[in-house]
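Down below is the structure, laid out as structure tokens.
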Number of protein chains: 2
Amino acid sequence: MITRMSSLFLRTLREDPADAEVPSHKLLVRAGYVRRVAPGGYSWLPLGLRVLRNIETVVREEMDAIGAQEIQFPALLPKEPYEVSGRWTEYGPGVFRLKDRKGADYLLGPTHEELFALTVKGEYSSYKDFPVILYQIQTKYRDEARPRAGILRGREFVMKDSYSFDLDDSGLDRSYQLHRDAYIRIFQRLGLEYVIVAATSGAMGGSASEEFLAVAETGEDTYVRSTGSGYAANVEAVVTPAPPERALDGLPEAQVHYTPNTPTIETLVDFLNGASLGRTFTAADTLKNVLVKTRRPGEKDWQLLGVGVPGDREVDMKRLEASLEPAEVALLEEADFAANPFLVKGYIGPGALAANGVRYLVDPRIVRGTAWVTGADKADHHVVDLVCGRDFTPDGTIEAAEVREGDPSPDGEGTLVAARGIEIGHIFQLGRKYTDAFEVDALGPDSKPVRIIMGSYGIGVSRLVAAIAEQHHDELGLVWPRAVAPADVHLVVAGKDDTVFEGGERIAAALSERGVRVLLDDRKATPGVKFADAELVGVPTIVVVGRGLAKGVVEVKDRASGERSEIAVDDVVEHLAALVGR
Amino acid sequence: MITRMSSLFLRTLREDPADAEVPSHKLLVRAGYVRRVAPGGYSWLPLGLRVLRNIETVVREEMDAIGAQEIQFPALLPKEPYEVSGRWTEYGPGVFRLKDRKGADYLLGPTHEELFALTVKGEYSSYKDFPVILYQIQTKYRDEARPRAGILRGREFVMKDSYSFDLDDSGLDRSYQLHRDAYIRIFQRLGLEYVIVAATSGAMGGSASEEFLAVAETGEDTYVRSTGSGYAANVEAVVTPAPPERALDGLPEAQVHYTPNTPTIETLVDFLNGASLGRTFTAADTLKNVLVKTRRPGEKDWQLLGVGVPGDREVDMKRLEASLEPAEVALLEEADFAANPFLVKGYIGPGALAANGVRYLVDPRIVRGTAWVTGADKADHHVVDLVCGRDFTPDGTIEAAEVREGDPSPDGEGTLVAARGIEIGHIFQLGRKYTDAFEVDALGPDSKPVRIIMGSYGIGVSRLVAAIAEQHHDELGLVWPRAVAPADVHLVVAGKDDTVFEGGERIAAALSERGVRVLLDDRKATPGVKFADAELVGVPTIVVVGRGLAKGVVEVKDRASGERSEIAVDDVVEHLAALVGR
């Protein structure tokens, strides 16, 4: 195939678009791959569409290879199934909703768990039918509060979503592993540097959950990884290692101290260290109790919740929210304090919470036998040596404290460092949330119904175009990996002679004959303009047909390394066909 | 490629779906190609998606062959461009509208003229850039009042829409012809029987316009064709041949007659023929004047319009509406007659209309020199021998009279007969409606701006699946043309022996090796069930591996003709590969 720049619907731009911050956004617009149509809505111009389709093909091949079957649902979906699952309300403003001419409610599908579950229920009925994996590569919609970074976070985007249906947990484990392996192959084929991070299950509910993140400084997702192992996790999913419990015997008694003007940890530690208590305190010796309120989906009333964390750490609201999901969390307002006078701001301790029936969850570091300085539930008073398991008994633990660089890795090897990435895939043991909602059963061998268990697995296909561009570019432009490049060879005709143009055409025709996809720059432009466009567009191999032609050579340049070599005209077709694997 | 029925996500149905009326709808559901998700919203199951993709491939290849370039727009589009073009209001309830979380208005794209025009304006600026043809194969949305017939008229559907941009009319003619030829090739490759009918331009505004209709008794679109030529047209687009004008000299004077109780054409003709006027009258000698009111877009007030047609024909409101578009048309209400007392119901003549300044348009048969019996603008009175061009002068002609079987063909050859079809394509010289709205200009060689002229061209890609099924089925099921079939060969293993299963597997593997796409029925079902499913699913070639295997033969059956032949096992792979063109 030959694509001629002289007629290609492509105009490159010299300037970065005003609204672009990240390199992929700037370069995809400048190189004429995408154009903005609306907030979070982009059109794909010819080269962009090719890259998108190339990625789709890789994804499709690997999904087919694990026996997944492609189907396709509408994007415009009726409200009813989403009401049954509860997601019609759970999604809040993040989903586009509309009414048809008869006033019936619809939404633009963000993901399709409901429809897949209903379809399997409609077609299959016997245990012999299972397992089955279905997928679609489809346009999806989310009304993002802040669409950004071009196609990295759009409101209309292409996603591969697949769903596995199994008879039991071990089947789900198999389907999950099949997807995990397929995703690894997909991202490897696409030339991506990625990490697999432990993830929380979010609003979906479920058990095992991992995200594939493309490593990128510009990524929206932060995660931590270990310096001493392959461990990586979303900050929300980091499990705090608990220290061993300690014996209670012989620990000093708890003592209440008058600690005037110490509403913060810093002022408290300073005061204690100046109070001749015979030892030195740090913030890590204090127990900070943060009060929030929570509300379960569908409930009206808020419940108070006390969260205890070591005083040297903040509560990370994202981690707290993830831990409590699907319940909502909110900070207390003045009215809440007024309604609960036992909450003495700045001096809240476990005692008043227990006495007033407030649920109290603590950081996993706060184990039986650890002693703490904490609030005495009385203004200007703190208690020292309050021992967990002796003087107070939390209702459980919670992952709410911030994760910091240097924290020990949960797997015991190395310490954590922070990194950023772009979420490109998510695999997820969904469980029975949807099969329960829609009563998706198979008749077992004993004629008893077996409730089906689901997994859900997503790849952000259009986002991958940007993620790959984030990892594969330089100061001159895009540098596509071969598997996704919009052409195999960018053939630049550099010269004004007819002989040069004819030579370019001849080589392009011979390459095309061999199945090599050629982007032929046959424009009447200066070599400088053509070279700059070739670097910008980012086809992996650039061939220059120019002055050397008279000597019987052309120049072949590797876009990534910049290496150039002169190749005899007679050999160039074979050389390039071998290079691109045709 | 081998697809195994034992694991394929396919369950065929024995019963027609309750909501299905047309064969394609019944069979596509029964054979497990599609499933209903919402009114006018269908999911594509594996075999259906393959047929859809096969059609897309044919369309894409032929579009690429005429130099059209594929791009892709979002389906979720901002209101603004559609407001500029006027279509935001013109579309009425036929388009899905929604608001995002910020309250901004959006629509789900029905067609994309605005976006294409804006994109070309954004990228191109010089006459040297043109012509260009752009297209997309995309999911589109229309809020149909009555979605019906499965995927024949859905609310979410796949369409190929392309747009040509030319510097002048002759360029547009070329682009139009390129599309016309490409469409002919596409529909031929898809094995469709179709007609090209002259069409009106509808709300789009423009000049040349033709529709491609798949011939189908169940089709929603009626058209007429000539018994004596290739002429075919939408009823709305039929141009009435005008008879020659006649000399006015020597025609009898107009005479008003008392014609009591003759408010209808029938009673009038009976009365005249009983009134000894020396000749016989037929309904075709009378001139029926129908009063309507019209209103142009954006105007508030209605205008009266008189429409004169020969009395033996009704006014066809669809033809009248098409003639007056984009103006609205409505019948008069009692209040309108009350407000215009010169309109004497049942006795309206050209005289009162002229005297009161009412615009008066007549059927093309009413030419200068023809004499008519018509209303005398007075109850119970008619005028005889009222001569066009002498006694009254219409303001022009209008295509409003019904078209009837037996009418002469507009091309002068043969007479018209009615037929039905399914609209599968529409090609259309759009003109400058959108380039005017968005000021899409190219700088000409003389540095003066040239307003670009557009064509728009659509193919209902998902509808084609149903249109092909309408034409290609029998009482047993679907009968796909080879170009779109979901597999090349349906290989039925008929028997219980392991040897038969092994034989089937071996042949399937050898065929797959040769690039033949095999649907392998390896289920543990009776041969009867498997044969019935094979007929229903409609793969063009059915191979039965069964008892004959012991004798070294298999049976090859042509699904369309029912012809069977025994082929030696050793030859079957070559035989089938040749048959399917691999």
Side-chain angles (χ1 to χ4, degrees), chain A residues 1 3 7-11 32 35 37-46 48-50 52 64 67 69-78 80-81 93-94 96-102 104 106 108 115 118-120 122-125 129 132 134 136 138-139 141 143-145 154-156, chain B residues 1 3 7-11 32 35 37-46 48-50 52 64 67 69-78 80-81 93-94 96-102 104 106 108 115 118-120 122-125 129 132 134 136 138-139 141 143-145 154-156:
Chain A
M1 192 181 66
T3 305
S7 56
L8 181 63
F9 190 65
L10 170 73
R11 290 295 177 267
R35 289 288 180 263
V37 168
Y42 282 78
S43 58
W44 297 89
L45 298 191
L49 191 58
R50 284 196 201 169
L52 180 67
D64 291 346
Q69 302 186 53
E70 188 174 4
I71 66 177
Q72 185 139 308
F73 280 100
L76 180 65
L77 299 172
E80 290 71 22
F96 287 103
R97 296 155 208 266
L98 65 158
K99 286 182 189 292
D100 73 359
R101 64 197 295 155
K102 289 177 178 163
Y106 285 81
L108 298 180
L115 278 295
L118 277 169
T119 295
V120 167
E123 305 298 314
Y124 277 1
S125 56
D129 297 331
V132 64
L134 301 173
Q136 58 179 354
Q138 207 225 16
T139 304
Y141 297 86
D143 195 356
E144 295 283 352
R155 300 202 293 177
E156 174 168 344
Chain B
M1 191 181 66
T3 305
S7 56
L8 181 63
F9 190 65
L10 169 73
R11 290 295 177 264
R35 288 289 181 263
V37 169
Y42 282 77
S43 58
W44 297 90
L45 298 191
L49 191 58
R50 285 197 200 169
L52 180 68
D64 291 346
Q69 301 186 54
E70 188 174 4
I71 66 177
Q72 186 140 306
F73 281 100
L76 179 66
L77 299 172
E80 290 70 22
F96 287 103
R97 295 155 208 267
L98 65 158
K99 285 182 189 292
D100 73 359
R101 64 199 295 156
K102 289 178 177 162
Y106 286 81
L108 298 181
L115 279 295
L118 277 169
T119 296
V120 167
E123 305 298 314
Y124 277 0
S125 56
D129 297 330
V132 64
L134 301 173
Q136 58 179 354
Q138 206 225 16
T139 303
Y141 297 85
D143 195 355
E144 295 283 350
R155 301 202 294 177
E156 173 167 344

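Every heavy atom of this structure was used, including side-chain atoms; hydrogens, water molecules and symmetry mates were not. Below, chains carry the letters A, B, ... as their sequence lines are ordered, and counting in each starts from 1.
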- Counting N and O atoms only, with roles assigned by atom type, does the side chain of Glu123(A) sit under 3.5 Å from a partner on the main chain of Gly32(B), one being a donor and the other an acceptor? no
- Item | Main-chain N/O of Trp44(A) paired to Gln136(B) side chain as donor or acceptor, under 3.5 Å | no
- Sequence neighbours excluded, which residues qualify as side-chain hydrogen bond (donor to acceptor under 3.5 Å, both in side chains) partners of Glu156(B)? Tyr141(B)
- Item | Point-to-point distance, once rounded to the nearest 0.5 Å, from CZ of Arg11(B) to CG of Asp129(A) | 4.5 Å
- Between atom CD of Gln72(A) and atom OG1 of Thr139(B), what is the distance when rounded to the nearest 0.5 Å? 6.5 Å
- Query: side chain to side chain contact (heavy atoms under 4.5 Å, CB included) between Arg155(A) and Asp100(B): does it pass, once the steps are laid out?
  - Reply: CA-CA 10 Å; Arg155(A) 300 202 293 177; Asp100(B) 73 359; 3.0 Å; yes
Select one option (side chain, backbone, both, neither) describing which atoms of [X] are under 4.5 Å from chain A's heavy atoms.
X        : answer
Ala75(B) : both
Glu80(B) : neither
Thr3(B)  : neither

- Task: Write down the atom of Ser7(A), the atom of Tyr124(B), and the distance for their closest heavy-atom approach.
- Result: O-OH, 3.8 Å
- Highest number of heavy-atom pairs under 4.5 Å with chain B: which of Pro78(A), Ala145(A), Gly48(A)? Ala145(A)
- Message: Can you tell me which of Val37(A), Leu52(A), Leu98(A) forms the most heavy-atom pairs within a distance under 4.5 Å of chain B?
- Response: Val37(A)
- Could you pull out all residues at least two apart from Pro93(B) that satisfy side chain to side chain contact (heavy atoms under 4.5 Å, CB included)? Arg101(A)
